[in-house]
2 protein chains.
Amino acid sequence: MTNQERRDSTRTRILASARDRFTSAGFDATSVADICAASGVSKGAFYHHFPSKQAVFVALLERWIAELDESVQSAAARNEPVPRRLENLAGLVGQVSELGSGQIPMFLEFWRQASKDPDVWRLTIDPYRRFREAFAALIQEGIEEGSLRPVDPDAAALVLVSTGVGLVLQGALNPAEPRLPDAGGQAVRMLLGGLEKEASHES
Amino acid sequence: MTNQERRDSTRTRILASARDRFTSAGFDATSVADICAASGVSKGAFYHHFPSKQAVFVALLERWIAELDESVQSAAARNEPVPRRLENLAGLVGQVSELGSGQIPMFLEFWRQASKDPDVWRLTIDPYRRFREAFAALIQEGIEEGSLRPVDPDAAALVLVSTGVGLVLQGALNPAEPRLPDAGGQAVRMLLGGLEKEASHES
DNA sequence: TTATATAAACCGACCGGTCGGTCGGTATGA
DNA sequence: TCATACCGACCGACCGGTCGGTTTATATAA
């Protein structure tokens, strides 16, 4: 094995094991020795590749955000009417919830660390803001193309993103919930169509 | 001071300090010694009143849930049309976010512990289910009284509660967000009225 | 191709320090 | 007199991180 292969292999194994352990036991309760044992790597090798336990956490967070970013971009960019694109985005909720439902406690872990560690906070809050801006732009576009009512795009984006986050979190706590896979779609459809019977607004 | 007074005073001081420390530093990062120092209580006294650190956490969680339960019950029970009552409930989001905004990291702490500790999990999931059932009943009532469209009450309740949770969490991460105080109301109004321009549904 | 030198990857015993919880004893209200 | 409340030194376990030393790949020269 070349040095480069060794390096990649070891780093990958450390990250994978760390993600597993962080997910099932949490950041604090996972010791570096745990990660080493789970990945078949010595402590020396661990600290050869990462300066601290926290650094591994941040690396995982960055990867997670990059993936999510890509998913959102690709789901939002399709050339369709805005309501349809919103429904596509809603599908992400189910996707995130499923795609290793074990990943979701990790999501919680990110969030909790963010409220304590300024670095993690910035890493978390930035993409969050990006999401909201993307949603706001999408809604603005919908208003201009005439498919959405003239609401405040920023406020609507806040609500949409919050609903998504809430649904994912609900999935974290209650993975058995059968309604989850389509909950995102349901939510968007409700937001689009409204719950109230009398349609108090006309074109 | 009578024994009873001493007992109450000590327990109260421990709980208050524990809440402060858990909120600002998190459960794991708070040592029993921290709590003792902050509350002016010896370690012996601490373990005289609580069998473990976890027990203090659970006691705090129970108190928090009881408060929230009461708020929800009283906000939902008013004798008004369902949409109005939903808006009242939305006000709770702002209330929870404000009422000691420092409390919200604690909320995160509850959630994270719930995904690891079965006892905490049950304590958290039960009221959660109660909330959803209360919302579902409320929506059912709205459908029957004719003020809401005939949607699936359970699905709608899931969406409503998720949105609330998401908003609170958003507040936890970004306390400065100026839109938050009314975000709950905004969300409910959007859900009621719908975002889509063409009212595709008639009575 | 083989020998050698250098650096990168890896090893695991060890250290300083912390933490949850214990326990034998003391003070105080009933 | 008795039980309840309280005290704080202490214990064993564990943890993040270090460090001196070993193995393995690779670049270079013979």
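By convention in this document, chain letters (A, B, ...) are assigned in the order of the sequence lines, proteins followed by strands, and residues within each chain are numbered from 1.
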Problem - Atom pair distance, as rounded to whole Å: NZ in Lys53(B) and P in dG20(C) - result: 4 Å

Distances under 3.5 Å between protein N/O atoms and the N/O atoms of nucleotides 27-30 of chain C, please, pair by pair.
{"residue": "dG29(C)", "atom": "O3'", "partner": "Asn3(B)", "partner atom": "N", "Å": "3.4"}

Does any non-hydrogen side-chain atom of [Y] lie less than 4.5 Å from one of [X]?
X         : Y         : answer
Glu5(B)   : Asp8(B)   : no
Leu169(B) : Trp111(A) : yes
Leu158(A) : Phe135(A) : no
Val32(A)  : Tyr47(A)  : yes
Phe57(A)  : Arg19(A)  : no

Handout entry: N/O donor-acceptor pair under 3.5 Å between Asp34(A) side chain and Ser31(A) backbone
Key =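 Judged by distance alone, yes, a pair lies under 3.5 Å.
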
Exercise for the section: Verify, without hydrogens or angle tests, whether Arg21(A) (side chain) and Ile35(A) (backbone) share a donor-acceptor contact under 3.5 angstrom. Expected result: no

Problem - Earlier contact from the 5' end, DNA chain C, for Phe46(B) and His49(A) - result: His49(A)

Exercise for the section: Go through residues 8-16 of chain B and report each residue with a non-hydrogen atom lying under 4.0 Å from DNA chain C, sorted by number. Expected result: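 Those residues whose heavy atoms fall under 4.0 Å from DNA chain C, taken from residues 8-16 of chain B, amount to none.
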
Exercise for the section: Using a cut-off of strictly less than 4.0 Å between a heavy atom of the residue and any atom of DNA chain C, enumerate the qualifying residues of residues 29-43 of chain B by number. Expected result: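 Nucleic-acid contacts, sorted: Thr30(B), Ser31(B), Val32(B), Lys43(B).
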
Exercise for the section: Could you list all the ring-ring contact (aromatic ring centres under 6.0 Å, His included) pairs where at least one residue sits in residues 153-183 of chain A, not counting sequence neighbours? Expected result: none

Practice task
Would you please test Glu80(A) and Asn88(A) for side-chain hydrogen bond (donor to acceptor under 3.5 Å, both in side chains) and show each step?
Solution key: CA-CA 10 Å; Glu80(A) 291 172 337; Asn88(A) 287 341; 3.2 Å; yes

Problem - Test side-chain contact (heavy atoms from CB on, under 4.5 Å) applied to Arg130(A) and Ile65(A), step by step - result: CA-CA 11 Å; Arg130(A) 267 207 310 284; Ile65(A) 286 174; 4.1 Å; yes

Handout entry: Qualifying residues under salt bridge (charged side-chain N to carboxylate O under 4.0 Å, His left out), relative to Glu145(B), sequence neighbours excluded
Key = none

Problem - Residues Gln186(B) and Asp152(A): side-chain donor-acceptor under 3.5 angstrom - result: no

Handout entry: First and last nucleotide of DNA chain D, 5' to 3', lying under 4.0 Å from heavy atoms of chain B
Key = dA5(D) to dG8(D)

Practice task
Taking the six-membered ring of Phe50(A) (Phe, Tyr or Trp), confirm whether the NZ or CZ of Arg11(A) is under 6.0 Å from its centre and within 45° of its axis.
Solution key: yes

